[in-house]
Amino acid sequence: MPELPEVETVKRGLHKLIIGHKISAVSNDNPKSFPNALNDVAQFMVNANIIDVRRRAKVLLIDLSTKYTLVIHLKMTGQLVFVNKLDRFGAGHPSSSLINELPDKSTRVIIDFKGGSHLYFNDQRKFGWVRLIPTLEVSNMSFMMKVGPEPLEADFTASEFANRFKRRARTTIKAAILDQTVIAGVGNIYADESLWGAKIHPSRLVNTITKSEFTELYKQVRLIMNLAIEKGGSTIIDYVNAEGKKGGYMSFARVFRREGLACSRCGNEIIKIKVASRGTHICPYCQQL
DNA sequence: CACTTGACCTGTCCGC
DNA sequence: TGCGGACAGGTCAAGT
């Protein structure tokens with residue numbers, strides 16, 4: 001699921017829903033999903049207030065009044081869903097909702113708030129995780145130390161974008177754009193969408209991409225991920241926002257999971273290939289080697 | 001260092 | 001209907 005636009009959508013939702021809430025209890029059914037020792041949770045989470053919700057790359061950061069931060073990675077199937085005590089999923093729930101009743105069998109961590117609302121961390125495949133870390137130490141985590149710049153920041157330039165790829169000169173552009181140490185936040189959906197937008201074949205080697213192609217790719221990454229945020233992200237199977245609702249970007253997708261359909265630019269058939277051992281969608285006419 | 005592959009998990013879908 | 005295999009939004013640890 002969660003690439004930058006999905007994590008940003010969850011962040012915005014949680015920002016509205018949980019700031020100011022006080023944690024009353026925490027439970028965890030899977031040690032790998034939340035490996036912190038119970039005494040840390042008791043000491044630094046219970047009775048803490050939520051003071052901010054942030055995002056860096058595909059990672060969510062929930063800052064607590066104890067100067068600890070919940071660092072959360074949703075990986076492929078993670079969800080963070082807030083349920084107010086008055087909400088009732090099921091009969092009458094919005095058709096865009098994927099969530100019927102929580103907790104369910106994918107629920108790994110439950111954070112209860114005073115007043116009776118709950119935050120559920122669900123994760124079918126158990127790749128995702130939650131960690132409780134002192135706020136000042138978050139930037140020292142190994143992932144944070146090596147992750148690349150945020151591509152949607154206003155001051156992030158096309159030349160900086162191109163320069164980041166020099167470290168991956170002899171690999172494919174698809175592998176490089178998915179590399180989080182090059183650019184933060186691009187995953188398989190937005191890699192394919194952006195490469196189609198820039199008319200670049202994903203198997204092209206980085207050192208064959210021209211400066212003007214990098215500039216176009218930079219523009220497409222920003223255009224497409226900003227649009228995806230506006231549409232609330234992409235739901236393939238599992239992704240939902242903080243209210244349990246699907247994202248709307250997939251109806252705007254131009255290649256991702258559209259194999260067999262016509263390219264909206266030239267009418268040729270979109271195909272699915274494998275690049276960097278990832279399923280990859282291209283228009284073989286618009287994106288040539 | 002740069003690069004590739006397998007591993008981590010569960011569930012679903014497809015072909016036999 | 002059942003069963004094996006491939007595949008799925010992401011990262012790591014190993015290997016070359």
Side-chain angles (χ1 to χ4, degrees), chain A residues 1-11 29-35 55-60 71-81 98 104-109 121-131 141-148 164-195 202-208 221 224-225 228-229 231-241 246-250 252-253 255-260 271-281:
Chain A
M1 112 173 223
E3 306 182 26
L4 187 155
E6 289 73 36
V7 180
E8 177 65 19
T9 300
V10 172
K11 183 211 89 179
D29 92 327
N30 178 39
K32 284 192 172 174
S33 296
F34 188 18
R55 177 191 62 76
R56 174 75 172 101
K58 300 173 190 172
V59 176
L60 276 160
V71 183
I72 302 172
H73 203 307
L74 303 174
K75 291 287 181 84
M76 304 282 263
T77 57
Q79 305 173 327
L80 268 182
V81 181
L98 275 179
D104 65 21
K105 66 180 175 179
S106 76
T107 300
R108 309 299 171 204
V109 181
F121 175 67
N122 305 322
D123 185 20
Q124 177 183 107
R125 288 174 73 181
K126 301 181 179 173
F127 290 168
W129 43 259
V130 179
R131 306 242 162 91
M141 296 174 74
S142 67
F143 177 86
M144 294 298 181
M145 296 286 282
K146 62 191 186 195
V147 70
R164 295 293 304 175
F165 285 83
K166 287 178 178 166
R167 60 178 62 206
R168 302 299 306 273
R170 299 177 61 77
T171 191
T172 60
I173 187 68
K174 170 104 185 207
I177 201 171
L178 290 173
D179 182 342
Q180 298 298 293
T181 72
V182 174
I183 300 294
V186 180
N188 210 31
I189 300 172
Y190 302 109
D192 284 4
E193 293 292 295
S194 300
L195 289 165
S203 296
R204 295 262 308 278
L205 296 182
V206 169
N207 61 13
T208 71
V221 165
I224 288 166
M225 292 213 295
I229 292 168
K231 301 302 172 190
S234 297
T235 296
I236 307 302
I237 296 171
D238 298 294
Y239 168 71
V240 293
N241 68 14
K246 296 181 192 177
Y249 179 79
M250 281 308 286
F252 294 81
V255 284
F256 194 80
R257 296 230 172 169
R258 293 179 60 78
E259 60 269 33
I271 60 170
K272 184 174 182 182
I273 60 178
K274 189 158 278 203
V275 181
S277 41
R278 307 296 302 275
T280 298
H281 310 76

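- A:Asn241 places its CG atom 21 Å from the P atom of C:dG9, with the value rounded to the nearest Å.
- As a whole-Å value, the separation of A:Asp192 CG from C:dG10 C1' is 15 Å.
- Ring pair A:Phe143/A:His73 is perpendicular by interplanar angle, where above 60° counts as perpendicular and below 30° as parallel.
- Checking A:Tyr239 against A:Glu3 by side-chain atom types alone, no donor-acceptor pair falls below 3.5 Å.
- Nucleic acid contact class of A:Gly279 (heavy atoms, under 4.0 Å, all strands): sugar-phosphate only.
- Checked against B:dT5, C:dC12, C:dA8, the side chain of A:Ser277 finds its nearest nucleotide in B:dT5.
- Note on A:Ala276: nothing from the nucleic acid sits closer than 4.0 angstrom, heavy atoms only.
- Here A:Phe127 lies parallel enough and close enough to stack on the base of C:dG10, with planes under 30° and ring centres under 5.5 Å apart.
- Across the strands present, C:dG10 finds its partner in B:dC8; the criterion is a Watson-Crick or G-U wobble pair with both atom distances under 3.5 angstrom.
- Within the 4.0 angstrom heavy-atom criterion, only backbone atoms of the sugar-phosphate kind lie near A:Lys272; the bases stay farther away.
- Closest to the side chain of A:Lys32, from the set C:dT11, C:dG9, B:dC9, is B:dC9.
- Nucleotides C:dG9 and B:dA2 place their P atoms 26 Å apart, quoted to the nearest Å.
- When both distances must be under 3.5 Å, the Watson-Crick or G-U wobble mate of B:dC13 is C:dG5.
- Note: CG (A:Leu178) to P (C:dG10) measures 7 Å, nearest angstrom.
- OP1 or OP2 of B:dC8 has not a single side-chain nitrogen or oxygen of A:Lys126 nearer than 4.0 Å.
- Residue A:Thr77 places no side-chain N or O under 4.0 Å from the OP1 or OP2 atom of C:dA8.
- Atom CZ of residue A:Arg257 and atom CG of residue A:Asn188 lie 9.0 Å apart, to the nearest 0.5 angstrom.
- At a threshold of 4.0 angstrom between heavy atoms, the contacts of A:Tyr249 with the nucleic acid are absent.
- With C:dG10, B:dC3, C:dG9 as the candidates, the nucleotide lying closest to the side chain of A:Lys75 is C:dG10.
- As a whole-Å value, the separation of A:Glu259 CD from B:dC14 P is 12 Å.
- When the side-chain nitrogen and oxygen atoms of A:His73 are compared with OP1 and OP2 of C:dT11, one or more of them lie within a distance under 4.0 Å.
- Between the side chain of A:Arg125 and the base of C:dA8 there is at least one donor-acceptor pair of N/O atoms closer than 3.5 Å.
- Listed for the A:Gln180 side chain is a donor-acceptor partner under 3.5 Å among the backbone atoms of A:Gly185.
- Between C:dT11 and A:Gln180, a contact under 4.0 Å exists linking OP1 or OP2 to a side-chain N or O.
- OP1 or OP2 of C:dT11 sits under 4.0 Å from a side-chain N or O of A:Lys58.
- Following rounding to the nearest Å, A:Arg257 (CZ) and C:dC7 (P) show an atom-to-atom distance of 12 Å.
- To the nearest angstrom, P of C:dT11 lies 12 Å from CZ of A:Arg56.
- The separation of B:dG6 from C:dA6, taken at their P atoms, amounts to 12 Å, rounded to a whole angstrom.
- Distance check on atom P: C:dT11 versus B:dT12 gives 24 Å, rounded to whole Å.
- If you measure from atom CD1 of A:Ile177 to atom P of C:dT11, you get 13 Å, rounded to the nearest angstrom.
- Taking all atoms of both residues into account, the shortest heavy-atom contact from A:Lys58 to A:Leu4 is CG-N, 4.2 Å.
- In terms of phosphate contacts, A:Arg278 brings no side-chain nitrogen or oxygen within less than 4.0 Å of OP1 or OP2 of C:dA8.
- For the pair A:Lys274 and C:dA6, the criterion of a side-chain N or O lying under 4.0 Å from OP1 or OP2 is not met.
- The shortest distance between the side-chain N/O atoms of A:Arg168 and the OP1/OP2 oxygens of B:dC3 is below 4.0 Å.
- Protein atom CD of A:Gln79 is 13 Å distant from nucleotide atom P of B:dG11, rounded to whole Å.
- Side-chain N or O atoms of A:Arg164 include one that pairs as donor or acceptor with a backbone N or O of A:Val182 at under 3.5 Å.
- Considering only heavy atoms from C-beta on, A:Asp123 stays 4.5 Å or farther from A:Lys75 through its side chain.
- Using a 4.0 Å heavy-atom criterion, one finds that A:Arg108 contacts no nucleic acid atom at all.
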